[in-house]
Participant: 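A single structure is presented below for examination.
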Amino acid sequence: MALSRRKLLKSSAAASVAANIYPLIGNGISVGPETLYDKIFNRHVVKDLGDGMFVIKIDRLLLHEVTCAIAIDSMRKAGRKPAKHLKILATEDHNIPTLKNDDGIFVIKDADSQRQIDALRVNAKEYGFILYSMGDKKQGIVHVIVSERGFIYAGLTMICGDSHTVTSGALASLSFGVGESEVSIVIQTGVLIQKRLKNMRITMNGKLAQYISAKDTILYIISQIGNAGGSGYAIEFAGELFENMSIDERMTVCNMATEAGAKVGLIAADEKTIAYTKGREFAPTGKNWNAFEKDALENLHSDIDAVFDVEHEFKAEDVGFQLTHGTTLNEVNKFGDIIDITGDKNKPLKSYMGYLGKTVEMKDIPITQVVVGSCTNGRLSDFIVAAEVLIKTGLKKHPNVNRVRFIPGDAIVKEEVEKLGYDKLFVDAGFEWHEPGCDACLNMNNDPVPTDEHCAATTNRNFPGRQGGNPTKGARTHLCSPLMATLAALHGRFVNPLEILGKEG
Amino acid sequence: MLPFEAKVMKVAIWPEEGRDDIDTDIIMGAEYLKVVKKDGLGPHVFDGLRFSDKAPLYTDPKTRQLIQSFFLNKPENQDIEILIVGKNFGCGSSREHAVWGLMGKGIKVIIAESFAPIFYNNAFQNGLLLITLERRVIDKIIETMGSSKTSNITVNLSDETLQVNFDNSDSCGSNSGFYNVHFKLDALNKRKLLEGLDDVDLLFEDHQQSIVAFNEVQIIEYPWIQGE
């Protein structure tokens with residue numbers, strides 16, 4: 001740090017601490033080649049506690065109604081206020097209805113959900129943080145609004161009481177999920193004690209085949225490294241494949257890093273990362289914007305000689321139309337596979353999913369429910385894919401399909417879909433067009449996928465009982481891309497997009 | 001939170017089928033996340049596996065319909081404090097309610113081949129001790145418990161050892177004893193559990209000055225973070 005800047009520090013204590021802050025913020029001393037994760041982590045180290053544990057500054061805190069009332073109560077009991085250098089944004093998303101009643105009003109049927117919503121509203125008023133409530137034109141799923149608003153951008157650290165906070169790693173931020181105790185720690189202190197993760201890089205070059213998407217890519221990756229393959233690692237997604245993806249697509253990929261066990265997933269900053277953030281409500285402006293842009297483009301990528309603890313390389317051409325057939329993220333297949341379900345270890349899966357015989361093929365599964373939305377695939381680009389399928393095929397909901405829910409990720413997405421007239425397209429096709437929320441991803445708002453029905457879902461977890469029922473008998477979830485889900489809605493089963501939509505040039 | 005107590009604890013072993021990838025939806029279903037306090041969730045841990053009926057939050061387990069075949073409902077597995085499972089325990093959602101439910105049911109220690117990272121941090125925030133052991137070591141403990149009359153382990157956190165107690169006495173004579181198994185734990189987590197420390201207390205006591213100093217530097221070095 002230049003001498004003149006050091007003079008700007010208000011206290012000599014700060015100057016002397018600054019001199020010792022690992023790894024010497026701005027002292028200009030190189031610590032050797034760093035990965036992107038290490039760079040952002042190191043910039044936020046307040047103190048090295050030894051044994052791989054550090055106190056790190058958290059720049060952004062996201063709240064939703066399920067995971068903050070208790071944390072804020074702890075803060076209140078301790079007589080504290082939210083930490084000074086922490087920015088907070090809150091939304092209502094998990095517990096809320098996504099359909100209005102006949103009078104056009106949201107009705108929360110259960111008292112417990114209402115109590116959580118009320119607590120959040122009271123807390124927002126008392127502590128003065130921004131809250132987007134149901135019906136607000138900025139409200140939506142927490143991991144959709146956060147980037148929409150420009151609340152998160154490259155180089156920042158962020159936490160939320162939700163594992164899919166990792167979605168924002170797509171903007172080269174260090175974002176991850178925590179439990180409510182850690183929310184309580186951060187809201188009171190602005191920092192968190194964390195163990196430095198190891199580094200994993202997943203490199204993919206080449207181009208995805210036609211109709212194959214970001215969702216297929218991350219499902220493929222999980223099929224290769226396993227549902228705990230990323231446990232203990234920060235995963236960086238690198239290579240031509242990810243460079244060619246839009247920010248929305250990068251978010252779909254990073255969103256499911258946690259399903260491979262990785263708390264942190266990120267993609268290096270580039271022109272797209274900058275362009276995405278520019279001009280958004282909470283984005284930097286003026287001189288700060290210029291400095292941010294310069295720093296992000298010059299620094300927020302792994303050094304060319306950075307060393308990763310684990311490196312994987314996969315080929316874009318190997319990604320197929322990826323689906324899940326079971327009750328964990330280890331059961332990922334490619335459409336067309338003949339899946340072996342023999343053996344003792346498959347007995348629970350067969351029983352829960354209702355499979356008979358020695359093998360199963362995805363084309364034979366009766367799809368009677370479809371859910372398109374969630375923090376994984378609830379953005380405008382996802383609904384455009386679905387609309388294009390309807391436009392191209394002219395088909396409607398298949399008579400065997402009981403229900404198709406299209407749930408926009410936030411109110412802005414809803415508005416943009418409606419500007420394009422696609423909501424009418426969806427409704428004409430016999431689909432439901434909902435208000436924004438998490439809804440059937442985890443069924444906290446009690447509108448379940450019926451027990452034993454097979455659901456094509458663009459969500460992120462296929463756990464038993466999650467979408468409805470209980471872990472021994474419940475809704476049967478099949479994760480997939482928006483394209484595969486929409487085609488399933490029109491055919492009553494999974495189909496090969498190439499056969500229906502044809503090959504292009 | 002209360003400091004961790006070293007004492008003899010009763011053990012239950014998750015049956016082989018379903019021992020791996022026990023996710024937090026299974027541990028605490030979404031309908032039980034609608035709470036505004038941590039306590040009272042013991043009745044709902046593994047709800048969908050323990051009971052055949054669905055019941056609202058805080059329903060007394062004594063009024064519920066037990067699934068008799070579920071191992072935690074068996075008489076010998078009541079009042080257990082140590083649970084032995086397989087791989088990737090606690091995967092999925094970050095819901096800390098899973099930890100609150102486990103502890104509400106009286107569980108103080110979980111032994112597994114591996115734990116999911118977010119669940120791992122959540123456990124230590126509440127004083128739930130998570131011990132990672134290799135597959136072959138867990139298998140040996142399971143074998144010991146299988147033939148023993150009693151299933152209990154004494155956890156010595158300071159020494160980082162598990163004392164696996166067995167009693168194979170029969171009409172021919174007494175045959176009981178124990179052996180020790182070592183485990184590893186991060187120094188900070190160990191201290192938190194032994195002293196019953198909260199991260200918030202730690203941070204305010206030891207690190208306030210560093211936090212203030214850091215923020216002063218960050219505002220200058222990276223003004224676009226805290227700015228606007």
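The structure displayed is predicted, hence computed values, not measured ones. Here is how names work: the chains are called A, B, and so on, in the same order as the sequence lines, proteins then strands, and each is numbered from 1.
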Participant: Do Y153(A) and W289(A) have ring centroids that are under 6.0 Å from one another?
Facilitator: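 No.
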Participant: Centres of the F70(B) and W14(B) rings: under 6.0 Å?
Facilitator: yes
Participant: Given that the side chain runs from C-beta out, which part of K38(B) has a heavy atom under 4.5 Å from chain A: side chain, backbone, both or neither?
Facilitator: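 When you check distances to chain A, atoms from both the backbone and side chain of K38(B) fall under 4.5 Å.
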Participant: At a heavy-atom separation under 4.5 Å, does K54(B) approach chain A through its side chain, its backbone, both, or neither?
Facilitator: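 Side chain of K54(B) only, per the 4.5 Å heavy-atom cut-off to chain A.
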Participant: Of the listed residues (A69(A), G230(A), P471(A)), which shares the most heavy-atom pairs with chain B below a 4.5 Å separation?
Facilitator: P471(A)
Participant: Where do L442(A) and H94(A) land on the side-chain contact (heavy atoms from CB on, under 4.5 Å) test, with the steps shown first?
Facilitator: CA-CA 8 Å; L442(A) 78 164; H94(A) 279 65; 3.9 Å; yes
Participant: What part of Q194(A) gets within 4.5 angstrom of chain B, counting heavy atoms only: side chain, backbone, both, or neither?
Facilitator: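 Q194(A) touches chain B through side-chain heavy atoms alone.
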Participant: Salt bridge or not for K195(A) and D51(A), using N-O below 4.0 Å?
Facilitator: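 No, K195(A) and D51(A) are not salt-bridged.
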Participant: So which of G465(A), A291(A), G155(A), G50(A) has the largest heavy-atom pair count under 4.5 angstrom toward chain B?
Facilitator: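 Ranked by contacts with chain B, first place is A291(A).
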Participant: Could you tell me which portion of D186(B) (side chain, backbone, both or neither) has an atom closer than 4.5 angstrom to a non-hydrogen atom of chain A?
Facilitator: both
Participant: Side chain, backbone, both or neither: which part of D206(B) has a non-hydrogen atom closer than 4.5 Å to chain A?
Facilitator: backbone
Participant: With chain B, which of L192(A), V191(A), L329(A) has the greatest number of heavy-atom pairs at distances under 4.5 Å?
Facilitator: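 Most pairs with chain B among the choices: V191(A).
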Participant: Do V109(B) and L83(B) touch side chain to side chain, with heavy atoms closer than 4.5 Å?
Facilitator: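 When only atoms from C-beta onward are counted, L83(B) and V109(B) do not touch, as no gap falls below 4.5 Å.
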Participant: Using heavy-atom distances under 4.5 Å, tell me whether L57(B) contacts chain A through its side chain, its backbone, both, or neither.
Facilitator: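 Contact with chain A is through the side chain of L57(B) alone.
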Participant: Identify which of C68(A), G261(A), S113(A) forms the greatest number of heavy-atom pairs closer than 4.5 Å to chain B.
Facilitator: S113(A)
Participant: Could you check whether the rings of H44(B) and Y32(B) sit parallel, tilted or perpendicular, using 30° and 60° as the cut-offs?
Facilitator: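 Rings of H44(B) and Y32(B): parallel, as their planes differ by under 30°.
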Participant: Need one label for F115(B): side chain, backbone, both or neither, based on atoms under 4.5 Å from any heavy atom in chain A.
Facilitator: backbone
Participant: Out of H164(A), K57(A), Q188(A), which one racks up the most heavy-atom pairs below 4.5 Å with chain B?
Facilitator: K57(A)
Participant: Counting heavy-atom pairs closer than 4.5 Å to chain B, which one of I70(A), V55(A), N470(A) comes out on top?
Facilitator: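 Among the listed options, the one with the most contacts to chain B is I70(A).
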Participant: Identify whether the distance between the nearest side-chain nitrogen and carboxylate oxygen of D139(B) and R136(B) falls below 4.0 Å.
Facilitator: no
Participant: Quick one, D23(B) and D21(B) - any side-chain contact, counting heavy atoms below 4.5 Å?
Facilitator: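 D23(B) does not reach D21(B) side chain to side chain.
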